[in-house]
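Lettering follows sequence order; numbering is per chain, from 1.
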There are 2 protein chains.
Amino acid sequence: MSDLELIIQRLGLRGHRVTGSRRRVLDALLAAPAHFTVDDVLQRADGVGRATVFRTMKLLQDLNVVCRVMMEDGSRHYRISARGHHHHLVCRSCGRVEDFAICDVSALVQELSSSTEYEIEGHWLEVYGRCQSCRTTQPLATAGSESNGS
Amino acid sequence: MSDLELIIQRLGLRGHRVTGSRRRVLDALLAAPAHFTVDDVLQRADGVGRATVFRTMKLLQDLNVVCRVMMEDGSRHYRISARGHHHHLVCRSCGRVEDFAICDVSALVQELSSSTEYEIEGHWLEVYGRCQSCRTTQPLATAGSESNGS
DNA sequence: TCCGACATGAGACTAAGTATCAGTTAGAAT
DNA sequence: ATTCTAACTGATACTTAGTCTCATGTCGGA
């Protein structure tokens, strides 16, 4: 079963209709590069209204079909969702995004729980760096403002 | 030396002027609760123009006087910066923010570096949960959409 | 084939942030 | 103290991202 069929099935199971506009958005997503903005989808899904694209993206997020990637500047990108819990490794230079599932925060969560009395429910981790191809083609990037990075 | 004086000194050292508007913004920041939005500052720093508040906040970020807290919905909050590398623990219910410095990602960074050929330069980690007082006063929160949390 | 709930597009609206520009001012030089 | 100018300012127009509303369209069950 193709990705498209899987997603359509998931829509149906949740009682959502599979309409022309939704298909066009899905086609746009699946044809898009690994990560994209809502605006990219808007341009690719020709004829589909602005509001509908936003609505559909939100729906697909709820269905875990796509997930959000937070860029360092606060802008939102999306990508077809990997299964389950994962994080993103974002290239600061070209914007490429990799998934990774290594995520050992259990010790951290335990320590925070006991020291702060918070009930920890989730976390968001994005790692930023420069991918190999950017490092070889642009050895010296123009330095941006220093992030919260370690 | 007070916080205010320290910040003013830092401004001067970098060749920035200490103007009335900047003072008013700083007063607003220092009087604000531990975390706040640009809009909060706008309202407190009466008479200071919109653009100036945004400009000043950006400047203060560059000077590491304030730091950004990314809320789960993508909105930006700020807080007076703690020294050095740290992360935030955000209460989903009341929005309260705690700093923490425990941050052992070196193993993760090493693993990612070797498996992806990225040069890791930084990361962003925000932890979300519910603080003790929210848990006791509102035992059952209305459930929001499920986050990327583990 | 009728029907109602779901979905849609257009466009008005909001919020957050940026750009422009003429006027003001801090603070160094005189 | 006065002058000078780059830095700064507020007003306002603009941009961008996203939401709301509402009249219209359509899917698919009865």
Length of the line joining [X]:[atom1] and [N]:[atom2], which is rounded to integer Å:
X: Ile8(A); N: dC27(D); atom1: CD1; atom2: C1'; value: 15 Å
X: Arg23(A); N: dT8(C); atom1: CZ; atom2: C1'; value: 16 Å
X: Arg14(B); N: dA7(D); atom1: CZ; atom2: P; value: 16 Å
X: Arg24(B); N: dC8(D); atom1: CZ; atom2: P; value: 15 Å
X: Asp73(A); N: dT16(D); atom1: CG; atom2: C1'; value: 12 Å
X: Arg76(B); N: dG18(D); atom1: CZ; atom2: P; value: 12 Å

Hey, is the side chain of [X] poking within less than 4.0 Å of OP1 or OP2 on [N], counting only N and O atoms?
X: Ser21(A); N: dG9(C); result: yes
X: Arg22(A); N: dA7(C); result: yes
X: Thr19(A); N: dT8(C); result: yes

Do the ring planes of Phe36(B) and Tyr78(B) sit parallel (below 30°), tilted (30 to 60°) or perpendicular (above 60°)?
parallel
Using 30° and 60° as the class limits, which term best fits the ring planes of His85(A) and His123(A): parallel, tilted or perpendicular?
perpendicular
Return a table of donor-acceptor pairs under 3.5 angstrom between the side chains of residues 43-56 of chain B and protein atoms on other chains or two or more places apart.
from, atom 1, to, atom 2, distance (Å)
Gln43(B), NE2, Asp39(B), OD2, 3.4
Thr52(B), OG1, Arg55(B), NH2, 3.3
Thr56(B), OG1, Thr52(B), O, 2.7

Can you tell which of Val97(A), Thr37(A), Val90(A), Val38(A) makes a side chain to side chain contact (heavy atoms under 4.5 Å, CB included) with His77(A)?
Thr37(A)
What distance do Arg17(B) atom CZ and Leu11(B) atom CG have between them, rounded to the nearest 0.5 Å?
12.5 Å
Is the closest basic N to carboxylate O distance between Arg14(A) and Asp62(A) below 4.0 Å?
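No salt bridge links Arg14(A) with Asp62(A).
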Give the residues of residues 36-61 of chain B touching DNA chain C, defined as any heavy atom closer than 4.0 Å, sorted by residue number.
Arg50(B), Ala51(B), Phe54(B), Arg55(B), Lys58(B)
Arg17(B) side-chain proximity, nearest of dG9(C), dG18(D), dC8(D):
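Nearest to the side-chain atoms of Arg17(B), counting from C-beta on, is dC8(D).
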